[in-house]
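Some notes on the structure that comes next.
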Amino acid sequence: MVGLVQAAGRYRRLPAPQLLGAASFRHLEHLPKNHLPFRGLAIVWTPRSVHVSRARLAARAPCVRWLSYTATGPQLCGLGSGKPRVGPSTILVAASRPGALERGCSSGRASMPRNELPKRYDPAEVESDARYNSWKASFGPPRQDTATGPHERFTMMLPPPNVTGTLHLGHALTIAVQDTLARWHRARGTSVLWLPGSDHAGIATQTVVEKELARATGQTRHDLGRKAFVDAVWAWKTDKGSAILRQMERLGASLDWDRNVFTLDPRYSLAVTEAFVRLHDRGLIYRRERIVNWSPALRSALSDIEVDKVVLEGPTAVAVPGYDAPVTFGRIYTIGYPVHGDRSAVVEVATTRPETMLGDVAVAVHPADPRYTHLHGKQVVNPVTLEPIPVVLDPELVDPELGTGVVKITPAHDPNDARAGRRHGCEARRVIDAAGRIVWPEGPGNHLHGLPRFAARDQLLRDLEAKGHLVRVEDHPMVLPVCSRSGDVIEPMLSPQWFVDSEAMAARALEAVSAGELEILPAQYVATWREWLDNIEDWCISRQ
């Protein structure tokens with residue numbers, strides 16, 4: 001704890017000794033009469049000489065003394081007359097109860113302040129509930145609404161941690177920085193509001209409760225039904241969802257707990273609904289069928305920031321939810337597509353996702369690639385469905401230097417293919433459902449219907465090899481998109497979802513930096529800012 005004293009016309013923040021308790025206050029001389037904090041004592045220790053008016057101090061407390069440290073221990077002195085000089089070994093103590101100072105000295109509790117830290121950290125002492133509760137009861141953070149002018153206020157919101165979680169080093173860093181700012185502004189006399197709260201963390205909470213439900217009852221959320229599952233989530237939150245808040249208290253965070261909020265509190269949910277409707281009316285939020293990051297394990301669309309990009313240098317076994325054995329990624333498969341009308345001619349197409357071949361509606365080549373000029377205007381046969389599909393010319397999609405220079409187009413399961421499909425008027429055929437199972441009930445290839453996508457991959461490769469269409473299998477470095485919540489491998493999928501139109505906002509953010517209204521430090525990250533915003537995609541907010 002610390003105190004404040006006025007020196008040379010300025011407020012100075014000074015360390016306080018381990019003496020009966022200490023207080024944080026704007027100015028000792030401005031304390032209300034007979035209203036001194038914590039155990040009736042207000043303490044200021046000054047390491048250098050200052051002058052304090054005895055008369056003004058005496059008017060605020062019936063007992064004011066100097067406490068000087070000598071070789072034989074602490075000695076109490078009267079203020080005397082005039083403006084006594086305070087030295088580096090002197091503490092000013094104001095007591096609301098006569099005799100409190102004498103009892104403190106005689107009990108030996110008034111000891112010389114120590115500059116060194118204890119040799120061993122004692123969490124039971126530092127993080128005790130009693131210490132934090134007495135701080136909240138005795139002082140508490142100054143309230144924002146006590147300020148008399150806009151320049152005397154400092155407001156800050158704690159980034160709400162997930163209600164399911166526990167604190168990690170990232171939280172500790174944020175809380176330490178924000179707590180330092182809050183305490184510094186309070187020491188300057190500013191009225192501070194540091195607003196606490198927790199996030200409902202929809203996907204994370206759903207995952208935790210589903211695991212608990214499966215462990216306890218063997219049921220899924222689909223077995224329970226929507227209402228019963230929502231009730232189970234609320235019951236879990238009530239029972240276990242406050243652990244992270246208790247941890248913040250143990251850190252000593254000086255938050256204004258009277259204003260603690262939860263993102264699903266009724267009045268905040270109402271505000272979210274109101275904001276959603278207003279943004280929709282302005283055309284900034286819209287619903288459309290687009291390629292999204294889909295997690296079959298969660299049966300949910302995810303935003304880009306909830307997808308981890310895992311770099312694989314080659315064949316790697318990855319544990320995927322719902323599969324008994326790990327699934328191997330990091331391979332590329334070259335498959336022969338016969339030319340329609342000339343089965344002796346074959347076009348080689350390379351892919352890392354052969355299970356999506358059921359959804360192929362075209363193959364693309366670069367119009368300037370001389371290897372494939374003879375295919376312009378022709379068709380090839382999908383070796384799984386046996387359907388003829390067109391060869392299209394697409395300089396945006398195809399790089400002749402990559403792979404075989406031929407790209408299969410599966411508009412319902414790849415964002416680049418979706419754009420190419422729109423350019424060429426191709427059908428978007430969804431062949432994997434929300435649970436990650438193959439949807440192909442009729443025609444050639446229907447034996448794959450209902451299989452999990454990666455089990456279908458293995459079966460399809462065996463079929464292609466048996467028919468002579470699997471040309472080769474090679475190790476292939478790749479980036480695997482993984483759900484940060486469930487560990488599931490993301491399935492790009494065409495799905496009707498809600499999006500935020502990000503283009504106009506990105507343009508304003510770019511202009512703000514160009515015009516000097518917004519400064520990015522260090523300046524080297526301006527290039528990163530531009531690269532990211534120049535290639536912005538609309539934001540999927542269905543689960544945000």
Side-chain angles (χ1 to χ4, degrees), residues 151 154-162 165 167-185 188 190 192 194-195 197 199 201 203-204 248 251 253 279 284-285 290-293 301-314 316 329-330 352 395-399 401-403 414-416 418-419 476-485 487 489-490 492 499-541 543-544:
H151 300 296
F154 178 75
T155 303
M156 182 168 53
M157 187 179 77
L158 176 76
N162 290 347
L167 292 183
H168 52 63
L169 283 178
H171 292 119
L173 175 62
T174 299
I175 292 170
V177 171
Q178 288 196 316
D179 196 33
T180 300
L181 286 171
R183 292 175 184 271
W184 182 73
H185 278 284
R188 299 176 66 235
T190 304
V192 173
W194 185 15
L195 186 66
D199 185 2
I203 294 175
M248 285 190 281
L251 282 178
L279 291 172
L284 293 175
I285 288 181
R290 293 183 54 174
I291 294 288
V292 297
N293 303 307
L302 306 175
S303 68
D304 290 344
I305 61 174
E306 293 168 314
V307 178
D308 296 332
K309 306 294 186 182
V310 179
V311 178
L312 306 180
E313 299 298 335
T316 306
F329 299 90
T352 59
E396 293 185 42
L397 181 65
V398 181
D399 182 348
E401 303 300 322
L402 294 179
D414 184 273
N416 294 323
R419 287 187 284 269
H476 181 68
M478 63 180 295
V479 176
L480 187 69
V482 175
C483 171
S484 62
R485 301 296 184 189
V489 175
I490 295 299
F499 296 88
V500 171
D501 185 349
S502 303
E503 185 175 352
M505 290 186 285
R508 288 198 299 273
L510 287 167
E511 176 59 27
V513 172
S514 299
E517 299 173 15
L518 176 65
E519 184 180 7
I520 296 178
L521 298 173
Q524 67 195 62
Y525 288 102
V526 171
T528 304
W529 176 267
R530 295 190 183 282
E531 180 182 358
W532 190 72
L533 292 176
D534 280 334
N535 299 284
I536 197 73
E537 294 282 349
D538 286 354
W539 178 21
C540 179
I541 59 168
R543 287 297 299 261
Q544 302 307 300

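Predicted, not measured: the structure shown is a model, and the values here were computed from it.
- Closest approach of L521 to E519, counting heavy atoms only: CD2-OE2, 3.4 Å.
- Scanning for side chain to side chain contact (heavy atoms under 4.5 Å, CB included) contacts around N535 gives E531, with sequence neighbours left out.
- When all heavy atoms of D538 and S502 are compared, the closest pair comes out as OD1-N, 3.1 Å.
- Atoms CG and CG, from D199 and N162 in turn, are 5.5 Å apart once rounded to the nearest 0.5 Å.
- Scanning for salt bridge (charged side-chain N to carboxylate O under 4.0 Å, His left out) contacts around E396 gives R423, with sequence neighbours left out.
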Please walk me through it: do E306 and C540 pass side-chain contact (heavy atoms from CB on, under 4.5 Å)? CA-CA 11 Å; E306 293 168 314; C540 179; over 6 Å; no
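- To the nearest 0.5 Å, atom CG of residue L510 and atom CD1 of residue I536 are 9.0 Å apart.
- Distance check, rounded to the nearest 0.5 Å: CZ of F154 to OG1 of T190 gives 8.5 Å.
- The side chain to side chain contact (heavy atoms under 4.5 Å, CB included) test applied to I520 returns V513, Y525, V526, W529, not counting sequence neighbours.
- Residues satisfying the side chain to side chain donor-acceptor pair (under 3.5 Å) criterion with R508, sequence neighbours excluded, are absent altogether.
- Not counting sequence neighbours, the partners of E517 by the side chain to side chain contact (heavy atoms under 4.5 Å, CB included) test are A512, A515.
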List, one per line, each side-chain donor-acceptor pair under 3.5 Å for residues 167-175, sequence neighbours excluded.
{"from": "H168", "atom 1": "ND1", "to": "G170", "atom 2": "N", "distance (Å)": "3.0"}
{"from": "H168", "atom 1": "ND1", "to": "H171", "atom 2": "N", "distance (Å)": "3.4"}
{"from": "H168", "atom 1": "NE2", "to": "H171", "atom 2": "ND1", "distance (Å)": "3.4"}
{"from": "H171", "atom 1": "ND1", "to": "H168", "atom 2": "N", "distance (Å)": "3.2"}
{"from": "T174", "atom 1": "OG1", "to": "G170", "atom 2": "O", "distance (Å)": "3.2"}

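- Applying the salt bridge (charged side-chain N to carboxylate O under 4.0 Å, His left out) rule to D399 yields no partners; only residues at least two apart in sequence or on another chain are considered.
- For D304, the side chain to side chain donor-acceptor pair (under 3.5 Å) partners are N293, not counting sequence neighbours.
- Qualifying salt bridge (charged side-chain N to carboxylate O under 4.0 Å, His left out) partners for D179, counting only residues two or more places apart in sequence or in other chains: R183.
- In this structure, CG in L533 is found 12.5 Å from CD in E511, a value given to the nearest 0.5 Å.
- The two atoms that bring L158 and M248 nearest to each other are CD2-SD, 3.5 Å, heavy atoms only.
- M505 has its side chain within reach of V500: a pair of non-hydrogen atoms, C-beta onward, lies under 4.5 Å apart.
- Looking at residues two or more places apart in sequence or on another chain, you find no side chain to side chain contact (heavy atoms under 4.5 Å, CB included) involving A507.
- Remark: D308 pairs with no residue by the side chain to side chain donor-acceptor pair (under 3.5 Å) rule, at least two apart or across chains.
- Contact between G197 and P161 at its shortest, heavy atoms only, is O-CD, 3.3 Å.
- Contact annotation: the side chain of V489 approaches that of F329 to within less than 4.5 Å [non-hydrogen atoms, C-beta and beyond].
- For T352, there are no side chain to side chain donor-acceptor pair (under 3.5 Å) partners two or more places apart in sequence or in a different chain.
- Side-chain atoms of T180 never come within 3.5 Å of backbone atoms of Q178 as a donor-acceptor pair (strictly under, hydrogens ignored).
- Between G330 and L312, the shortest heavy-atom distance links the atoms N-CD1, 4.3 Å.
- Counting all heavy atoms, side chain and backbone alike, V192 lies closest to H185 at CG2-CB, 3.6 Å.
- In this structure, N416 and L397 have side chains that are in contact, with non-hydrogen atoms separated by less than 4.5 Å.
- To the nearest 0.5 Å, atom CG of residue D414 and atom CZ of residue R419 are 8.5 Å apart.
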